[in-house]
Amino acid sequence: MPTALVTGFPGFIGKRLVAKLAADDPKLKIVALVEERMLEGAREAASEISEKQIEVVAADISKPLLGLSQSEHDAMAERAELVFHLAAIYDLAVPIEIAQKVNVDGTGNVLDLCAAAKKLERLVYVSTAYVSGVRTGIVYEHELVMGQAFKNHYESTKFQAEVWVRDRMHEIPTVILRPAIVVGDSKTGETQKFDGPYFILRTIAQSEKLGRPVVNFGRAGAPFNVVPVDFIVDSIAACAKDPATIGQTLQLVDPEPVSAAELTATLSREYAGREPRGRVPAGMVANSLRSQRVRDRFGGAPRESIVYLNHPVSYDTRNAVRILTPHDLRPPAFPEYAHAMVEFFKEHEDDPAFARK
C-alpha cells in the first residue's frame with residue numbers, strides 16, 4: 001500500500017488536502033505527523049475523513065528525528081513514498097525564535113527524513129509567494145535570493161526554509177509551491193478562521209453597524225493577491241504525481257490579481273451594498289492597530305498585515321500555467337467567488353471560533 005506523510009494536519013489546507021488524497025486514491029495510506037497538543041483534533045478530523053486510511057502519529061517537526069525515536073524515524077523513512085510538508089507558523093506577528101524553530105528547523109528535519117526515504121517519489125513543499133519580501137515589480141518563479149529584505153519574521157523564515165529546500169533538491173525529488181494569500185472555498189466560502197482579507201470584511205462590518213462610510217486603506221492601486229483554498233489543494237494534489245513538477249517552483253497566485261481598492265470595493269458591495277469612499281493612509285491604520293482595543297474590534301488584525309495592502313508587487317506564473325493547465329487548473333478571478341466568501345463570513349462573523357488565533 002503506498003504511503004504519504006503529511007505535516008500541517010488538521011490545519012486549514014492540510015485537512016482538505018488529506019480528504020482529497022484519501023478520496024482520489026482509496027489504497028493510499030496517509031500518515032499525519034501531528035504535534036501533541038493537536039492530537040485530539042487530528043484524530044477527530046481523521047475519523048471524519050477515513051479512519052482506515054489515515055494514521056495520526058505524535059511528532060514534533062522542530063526536533064531532530066521529528067521528535068521520534070531512531071527506530072520510529074527509520075520506519076517512517078522506509079514507508080514514505082510521498083511527503084507533503086505544509087506545517088509552518090503563518091502568524092505575521094510571530095516572534096523570530098518560534099518562527100525559526102518551526103519554519104526553518106522544522107523544514108530541515110523533514111528534509112532529513114526525505115533524504116533517508118529510499119522509495120520517495122516526491123516531496124511537495126508548500127512555501128509562500130511572500131519569500132519575495134519587500135521586492136517590487138515582477139517576481140519570477142525561478143528567483144529566490146535577490147538581496148531582498150522582509151516585512152516580518154514569517155516571510156524571512158519561510159525564505160530561509162526555501163533556500164534549504166532548494167539546496168537539497170539535487171538529492172530529494174521536490175516541487176516547491178508558493179501560494180498567495182489563501183481564502184475560503186470558491187464555491188461554499190468555507191474557511192477555518194477570519195484573517196488576511198477578512199480583516200477588511202471586519203472593518204466593513206463595523207462601518208455598517210456604526211453607519212460610517214467604508215474607506216480604502218493604503219495605496220489603492222497596489223495588487224492584492226488572493227486565491228481560494230480549493231485551488232491550492234487541487235494544485236498540491238496534482239503536483240504530487242505529475243513528473244513535470246520535479247525540480248520546479250510554481251507560484252500559485254492569481255495571474256490577474258485585483259487591486260487593493262478593487263478588493264475592498266467588491267467586499268463592500270457584497271456585504272453592505274455600497275461603494276467605499278475616501279482613503280486612509282496605511283501608516284495611520286497601522287498605528288491605530290498598536291492598540292489592543294482597536295485590534296480586538298477588527299478580529300485581532302495585526303498591524304503587520306496592513307503593508308500587504310500597500311505593496312506594489314506582481315508574481316509571474318508561466319511555470320504554474322504550463323504545468324497546471326493540462327490538469328484543468330487555474331485560479332478563479334476574485335469577483336467570481338467573493339459572494340460565497342462574504343456569505344460565509346456573514347453566517348459566522350460573530351462566532352469566536354473563527355477569530356484570529
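Computed over heavy atoms, backbone and side chain alike; hydrogens, waters and symmetry mates excluded. The chain is numbered in sequence order, starting from 1.
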Handout entry: Distance-only polar pair, side chains of R122 and T245, donor-acceptor under 3.5 Å
Key = yes

Practice task
Just jot down the salt bridge (charged side-chain N to carboxylate O under 4.0 Å, His left out) partners of D74, sequence neighbours excluded, or say none.
Solution key: none

Handout entry: V175 and L250, any side-chain heavy atoms less than 4.5 Å apart
Key = yes

Exercise for the section: Give, for atom CD of E44 and atom CE of M38, the distance between the pair rounded to the nearest 0.5 Å. Expected result: 10.5 Å

Exercise for the section: Taking atom CD of E275 as the centre, report whether more than 12 heavy atoms of other residues, nucleotides or ligands fall under 6.0 Å from it. Expected result: yes

Handout entry: K193 bridged to D195 by N-O distance under 4.0 Å
Key = yes

Exercise for the section: Could you check E141, R178, R318 and say which one makes a side chain to side chain donor-acceptor pair (under 3.5 Å) with Q251? Expected result: R178

Practice task
Kindly write out the residues that satisfy salt bridge (charged side-chain N to carboxylate O under 4.0 Å, His left out) with K101, not counting sequence neighbours, or none if the list is empty.
Solution key: none

Exercise for the section: Sequence neighbours left out, what passes side-chain hydrogen bond (donor to acceptor under 3.5 Å, both in side chains) with E171? Give chain and number order. Expected result: R168

Problem - side-chain contact (heavy atoms from CB on, under 4.5 Å) partners of K209, counting only residues at least two apart - result: E349, D350

Problem - H85 side chain to T107 side chain, donor-acceptor N/O pair below 3.5 angstrom - result: yes

Handout entry: Within-4.5 Å side-chain heavy-atom neighbours: P173 and C114
Key = no

Problem - Check: S268 side chain, A265 main-chain N or O, donor-acceptor pair, under 3.5 Å - result: no

Practice task
Please tell me if the side chains of F334 and L267 come closer than 4.5 Å, counting only heavy atoms from C-beta onward.
Solution key: yes

Handout entry: Partner set under side-chain contact (heavy atoms from CB on, under 4.5 Å) for E208, not counting sequence neighbours
Key = Y271, A272, R274

Problem - Min side-chain heavy-atom separation T3-V31 under 4.5 Å - result: yes

Practice task
Sequence neighbours left out, what passes salt bridge (charged side-chain N to carboxylate O under 4.0 Å, His left out) with D185? Give chain and number order.
Solution key: R16

Practice task
Identify whether the distance between the nearest side-chain nitrogen and carboxylate oxygen of R79 and E55 falls below 4.0 Å.
Solution key: yes

Fill in the blank from the handout: Quick note, salt bridge (Lys or Arg N to Asp or Glu O under 4.0 Å) partners involving residues 223-235, not counting sequence neighbours, are K20-D234, K187-D230

Practice task
Determine yes or no for a side-chain-to-main-chain donor-acceptor pair under 3.5 angstrom, with Q148 supplying the side chain and L144 the backbone.
Solution key: yes

Review item, side-chain donor-acceptor pairs of residues 126-135, under 3.5 Å, at least two apart:
residue : atom : partner : partner atom : Å
S127    : OG   : E162    : OE1          : 2.6
T128    : OG1  : Y130    : N            : 3.1
S132    : OG   : A129    : O            : 3.2
S132    : OG   : Y315    : OH           : 2.8
R135    : NH1  : E143    : OE1          : 3.0
R135    : NH2  : E143    : OE1          : 2.9

Practice task
Assert yes or no for the condition that the ring centre distance of F345 to F194 is strictly below 6.0 Å.
Solution key: yes

Problem - pair I89-Y154: side-chain heavy atoms closer than 4.5 Å - result: no

Fill in the blank from the handout: Residue set satisfying side-chain contact (heavy atoms from CB on, under 4.5 Å) with E97, at least two apart, ordered chain then number -> P95

Handout entry: Results of side-chain contact (heavy atoms from CB on, under 4.5 Å) for E347 - residues two or more places apart only
Key = none

Exercise for the section: Kindly say whether E262 contributes a backbone atom to a donor-acceptor pair with the side chain of S259 at under 3.5 angstrom? Expected result: yes

Practice task
Not counting sequence neighbours, which residues clear salt bridge (charged side-chain N to carboxylate O under 4.0 Å, His left out) with K241? List them please.
Solution key: E121

Problem - Gap between atom CG of L86 and atom CZ of F9 - 0.5 Å precision - result: 11.5 Å

Practice task
State, yes or no, whether a side-chain contact exists between P197 and V183 at a heavy-atom distance under 4.5 Å.
Solution key: yes

Problem - Within the 6.0 Å centroid threshold, strictly below: F344 and F354 - result: yes

Practice task
Using the side-chain hydrogen bond (donor to acceptor under 3.5 Å, both in side chains) rule, collect all pairs that involve residues 323-340, keeping only residues at least two apart or in two chains.
Solution key: D242-H327, E270-H339

